[in-house]
Undergrad: 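First the structure, which I've put down as structure tokens, then a few questions once you've had a look.
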Amino acid sequence: MPSRFHTDQLKPYSLELYGQGGAADLMWKVDSDDPFTPMNRGDHIQPLDLPGSHPGLAHEITGIEHVIWTAGEQVRYVTRVYTRPAAPLG
């Protein structure tokens, strides 16, 4: 069965950042050849290349969902991070 993706161009890891609207509110996505640092509910993150981002805005993690699937012979691991706006901790 042909894949709907170019599996030779997919990176094995993705991090998706969602806003308060949940799964319908994807704000930012980044792909990587390497796994991301573990994150937990309550952590604050600052994706500084997110449109509209600035040092005075952070995002508090309210939930994390892990999605694992295969694309051809490659296993993909997607971390979905659900957030709400928060002030930076520092």
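Here the structure is a predicted model, which is why all the values come from computation and not from measurement.
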Undergrad: Hey, what do you get for CD (Glu60) to CG (Asp43), rounding to the nearest 0.5 Å?
TA: 9.0 Å
Undergrad: Would you mind listing every salt bridge (Lys or Arg N to Asp or Glu O under 4.0 Å) that reaches into residues 12-22, with sequence neighbours excluded?
TA: Glu16-Arg80
Undergrad: What about Tyr13 and Met39, same hydrophobic cluster or not, with Ile/Leu/Val/Met/Phe/Trp/Tyr joined at side-chain heavy-atom distances under 4.5 Å?
TA: yes
Undergrad: If we ignore hydrogens and angles and just use 3.5 Å, is the side chain of His44 paired with the main-chain N or O of Ala87 as donor and acceptor?
TA: yes
Undergrad: Excluding sequence neighbours, so at least two apart, what forms side-chain hydrogen bond (donor to acceptor under 3.5 Å, both in side chains) with Asp25?
TA: none
Undergrad: Hey, are the side chains of His59 and Val81 touching, using non-hydrogen atoms and a 4.5 Å cut-off?
TA: no
Undergrad: Can you tell me how far the CG atom of Leu15 sits from the NZ atom of Lys29, to the nearest 0.5 Å?
TA: 10.0 Å
Undergrad: To the nearest 0.5 Å, how far apart are CD1 in Ile64 and OH in Tyr82?
TA: 11.0 Å
Undergrad: Contact between Pro12 and Asp33 at the side-chain level, heavy atoms closer than 4.5 Å - yes or no?
TA: yes
Undergrad: Answer yes if Leu26 and Val78 sit in the same cluster of Ile, Leu, Val, Met, Phe, Trp and Tyr residues linked by side chain heavy atoms under 4.5 Å apart, and no otherwise.
TA: no
Undergrad: Would you say Leu57 ends up clustered with Trp28 if hydrophobic residues are merged whenever their side chains have heavy atoms under 4.5 Å apart, either directly or through other cluster members?
TA: no
Undergrad: Does Arg41 use its side chain to pair, donor to acceptor, with the backbone of Thr62 at less than 3.5 Å?
TA: yes
Undergrad: Under 3.5 Å, side chain of Gln46 to main-chain N/O of Pro88, donor-acceptor pair present?
TA: no
Undergrad: Hey, does the side chain of Thr83 reach the backbone of Tyr18 with a donor-acceptor pair shorter than 3.5 angstrom?
TA: yes
Undergrad: Are Val75 and Tyr77 joined in one hydrophobic group, where the rule is that I, L, V, M, F, W and Y side chains link up if heavy atoms are under 4.5 Å apart?
TA: yes
Undergrad: Roughly how far, to the nearest 0.5 Å, is the CG atom of Leu17 from the CD1 atom of Ile45?
TA: 4.5 Å
